[in-house]
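Residue numbering restarts at 1 for every chain, and letters A, B, ... go by the order of the sequence lines. Note that these values count all heavy atoms, side chains included, but never hydrogens, waters or copies made by symmetry. Keep in mind that this is a model prediction, so the values were computed, not measured.
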2 protein chains.
Amino acid sequence: MDIETKFTALLRDRNLKATPKRLELLSVVANYNSAIPYSEIQNKLHHFDRVTLYRTLNAMLDGGIIHKASVSSDEVYYAMCREYCTSECHNHKHVHFKCLQCLEVSCVDVTNPIQIQIPNVVIKQVEIEVSGVCEKCI
Amino acid sequence: MDIETKFTALLRDRNLKATPKRLELLSVVANYNSAIPYSEIQNKLHHFDRVTLYRTLNAMLDGGIIHKASVSSDEVYYAMCREYCTSECHNHKHVHFKCLQCLEVSCVDVTNPIQIQIPNVVIKQVEIEVSGVCEKCI
DNA sequence: AAAATAAACGCAACTATGTTGCAATTAAGG
DNA sequence: CCTTAATTGCAACATAGTTGCGTTTATTTT
Ligand SMILES: [Mn+2]
Ligand SMILES: [Mn+2]
Ligand SMILES: [Zn+2]
Ligand SMILES: [Zn+2]
């Protein structure tokens, strides 16, 4: 089964029409070797209307198909969800790493499970954003 | 030594003039019982010019006097720096917790040190954003 | 295969924050 | 009190977010 068929099935599974725009956006996000910055999506999809891009991204986020990987509140990055996610629950066990040199953001699985405890508090979600220097930039 | 004198000294230490605007902003941020959302700063300082607020916040961030406590990319929250920080290095050992119920964001010290390791990568900074339900909202 | 329908799309319009330049004001030091 | 460099307010521009609405289209129904 080719990637386009896969995306079509994925979209329909989330009750979203498999339109050319959505398939194109997904292929752009999926084919990027790391988390893709918003500006890069714009570059690659400059023929999209601004609002369409906005709504398409939101639909994918809401459908649990992509997720944000923003690190340190500058540009927003997007990456495919690997696990099964929904709008309410993005089940990511990984962390986001941003290289301060090449500005690449990637989703990284950590071996040792992160244990965070806060007294008298119910923890629902933990997001970890790591920055430093990546393998290529050392 | 009263709080205003303290802030004046703090500003001068970072080579920033201790102007009434800056002292007022700092007192607003410091007197808030948790991390203060941007909109709340605006409410309390509606007599500030938009650009002045923008530049004052930036000066405080750059001077390592306040820091951002943004959680999940909605509104930006600000809090006083407790440790000695600079623009390049905000030395925060704490995590940011956001209550999904009351939307309060707070800086929380964690007892057990968080250990994150990523192979072939130099880690410079780790930011942890926790969300859930706070003590008051349980 | 054609028709029906609900969703998706493009365009216009508006809001909000970020950002810069410049002239006027003001804090800090002598 | 004077000087000077920093700070502030205003105007102006940029960009992302957001909504409404008429048109188009993917998918379902006949
Ligand atoms: Mn990720
Ligand atoms: Mn904090
Ligand atoms: Zn790198
Ligand atoms: Zn709460």
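Looking at B:Glu24 and B:Lys44, no side-chain N of the basic residue comes within less than 4.0 Å of a carboxylate O on the acidic one, giving no salt bridge. We find that B:Lys98 and B:Asp74 are joined by a salt bridge, their nearest charged nitrogen and carboxylate oxygen being less than 4.0 Å apart. Under a 4.0 Å N-O distance rule, the pair A:Arg82/A:Asp109 qualifies as a salt bridge.
The NZ atom of B:Lys17 sits 16 Å away from the P atom of D:dT3 (whole-angstrom rounding). For A:Ile41 and D:dA16, the CD1 to P distance is 12 Å, given to the nearest whole Å. Straight-line distance from the CD atom of B:Glu24 to the P atom of C:dA27: 13 Å, rounded to whole Å. Atom CG of B:Asn43 and atom C1' of C:dA16 are 14 Å apart (whole Å). Note: CG (A:Leu45) to P (C:dC9) measures 12 Å, nearest angstrom. The interatomic distance linking B:Leu25 (CG) with D:dT7 (P) rounds to 14 Å, in whole Å. Atom NE2 of A:His47 and atom C1' of C:dC9 are 13 Å apart (whole Å). A straight line from CG of B:Leu23 to P of D:dT7 spans 13 Å, rounded to a whole angstrom.
Of the two residues near DNA chain C, B:Thr8 and B:Ser39, the one whose nearest nucleotide lies more 5' is B:Ser39. Each of B:Pro20 and A:Pro20 has a nearest nucleotide on DNA chain D; the 5'-most of these lies closest to B:Pro20.
With B:His96 as the fixed residue, the side chain to side chain donor-acceptor pair (under 3.5 Å) test singles out one of B:Lys68, B:His67, B:Glu127, B:Glu129: B:His67.
Taking a 6.0 Å sphere around NZ of A:Lys21, one finds it holds more than 12 heavy atoms contributed by other residues, nucleotides or ligands. Atom CD of B:Glu4 is surrounded by 12 or fewer heavy atoms from other residues, nucleotides or ligands within 6.0 Å.
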How does protein contact run along nucleotides 18-25 of chain C, one letter per nucleotide 5' to 3', with B for base contact, S for sugar-phosphate only, - for none, heavy atoms under 4.0 Å? BBBB----

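Side-chain nitrogen and oxygen atoms of B:Thr52 include at least one within less than 4.0 Å of the OP1 or OP2 phosphate oxygen of D:dG9. For the OP1/OP2 pair of D:dT25 and a distance below 4.0 Å, the side-chain nitrogens and oxygens of A:Lys21 include no atom meeting the criterion. Between A:Gln42 and D:dT15 there is no side-chain polar atom (N or O) within less than 4.0 angstrom of OP1 or OP2. Dashed line: the shortest gap from a side-chain N or O of B:Thr56 to OP1 or OP2 of D:dT7 is not under 4.0 Å.
For A:Asp49, the side-chain atoms get nearest to C:dC11 when compared with the rest of C:dC9, C:dA28, C:dC11.
Using a 4.0 Å heavy-atom criterion, one finds that B:Ala18 contacts the sugar-phosphate atoms exclusively.
Here the closest heavy-atom approach between residue B:Met60 and residue B:Leu25 is recorded as CG-CD2, 3.9 Å.
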